[in-house]
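First up is the structure itself, then whatever we jot down about it.
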Amino acid sequence: LLTRKPVTVGTPRIQALVRGKTVLVTGAAGSIGPERCRQIAAAGPRTLILFDRHENGVFDLEARLSASAFGVRLVPILGDVLLDDQLRTVFSTHSPELVFHAAAYKHVSLAEKNPLETVRNNVIGTRNVVRMAATSGVSDFVLISTDKAVEPTSVMGLTKRVAERIVQSAKTSENV
């Protein structure tokens with residue numbers, strides 16, 4: 001069904017990308033973040049920063065990852081991608097080398113009912129994280145997106161498409 005060649009990110013590729021690095025995961029406690037964090041922790045980063053505004057989710061995720069005995073230094077941080085001061089503190093204190101940006105609103109029906117909040121979180125939040133990563137010397141940035149961004153027909157799909165464009169433009173411009 002895809003009109004392009006599928007992209008696969010298997011365990012060896014993740015290991016090569018994260019091993020020995022300080023990795024920041026935004027939206028760590030969301031719907032996609034916990035599994036991504038588990039895979040990253042298993043791949044052997046030096047430090048894994050769990051960044052999310054959901055207190056119970058971050059607490060539970062840290063407990064589950066600690067119990068998994070991956071031996072990774074975990075840094076749970078309560079924060080919001082919409083708040084520059086929080087992002088600045090995370091980047092200046094922990095110097096992540098790699099960012100997995102999963103913080104986003106993903107439920108199509110809720111996005112349709114809350115378009116302004118969806119734009120704010122998915123677009124402005126992505127721009128904030130990309131800007132901070134660019135000014136902090138992050139070597140790699142991975143955006144967790146969706147198939148709904150390919151030919152968007154919903155607020156959620158459109159905001160994720162704009163987020164993709166923001167990340168793509170950061171490759172060639174410091175003016176993100």
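Only a predicted model underlies this, so the values are computations on that prediction, with no experimental measurement involved.
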Output yes when a side-chain donor or acceptor of [X] lies under 3.5 Å from a complementary backbone atom of [Y], and no otherwise.
X	Y	value
Ser169	Ile166	yes
His107	Leu110	no
Ser154	Val108	no
Thr135	Met132	yes

key: Pairs where residues 62-86 contributes a residue and the test salt bridge (charged side-chain N to carboxylate O under 4.0 Å, His left out) is met, not counting sequence neighbours   =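 As it turns out, the salt bridge (charged side-chain N to carboxylate O under 4.0 Å, His left out) pairs with a partner in residues 62-86, which skip direct neighbours, are Arg53-Asp80.
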
ask   = Looking just at side-chain N and O atoms, do Gln168 and Glu164 make a donor-acceptor pair shorter than 3.5 Å?
value =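 Checked: Gln168/Glu164 side chains show no N/O donor-acceptor pair below 3.5 Å.
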
task = Answer with yes or no whether the side chains of Thr126 and His101 bring together a donor and an acceptor at under 3.5 Å.
result =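 Short answer, yes.
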
Got a second to check how far [X]'s [atom1] is from [Y]'s [atom2], nearest 0.5 Å?
X	Y	atom1	atom2	value
Arg161	Asn122	CZ	CG	14.5 Å
His54	Phe59	NE2	CZ	12.0 Å
Thr22	Leu98	OG1	CG	9.5 Å
Leu65	Phe70	CG	CZ	6.5 Å
Asn121	Asn128	CG	CG	10.0 Å
Leu50	Leu78	CG	CG	10.5 Å

Name all residues meeting the side chain to side chain contact (heavy atoms under 4.5 Å, CB included) criterion together with [X]; count only those two or more places apart in sequence or in a different chain, and write none if there are none.
X	answer
Glu117	Tyr105, Asn114, Arg120
Ser139	Lys21, Glu97
Ala102	Ile144

inquiry  = A side-chain contact here means heavy atoms from C-beta on lying under 4.5 Å apart; do Val25 and Phe51 qualify?
reply    =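 In short, these two side chains do not touch, never coming nearer than 4.5 Å.
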
query = Who pairs with Arg88 by salt bridge (charged side-chain N to carboxylate O under 4.0 Å, His left out), at least two apart in sequence or on another chain?
reply =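 Per chain and number, Arg88 pairs via salt bridge (charged side-chain N to carboxylate O under 4.0 Å, His left out) with no residue.
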
inquiry  = Which residues pass the salt bridge (charged side-chain N to carboxylate O under 4.0 Å, His left out) test with Arg19, not counting sequence neighbours?
reply    =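 With neighbours one apart ignored, the set is empty.
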
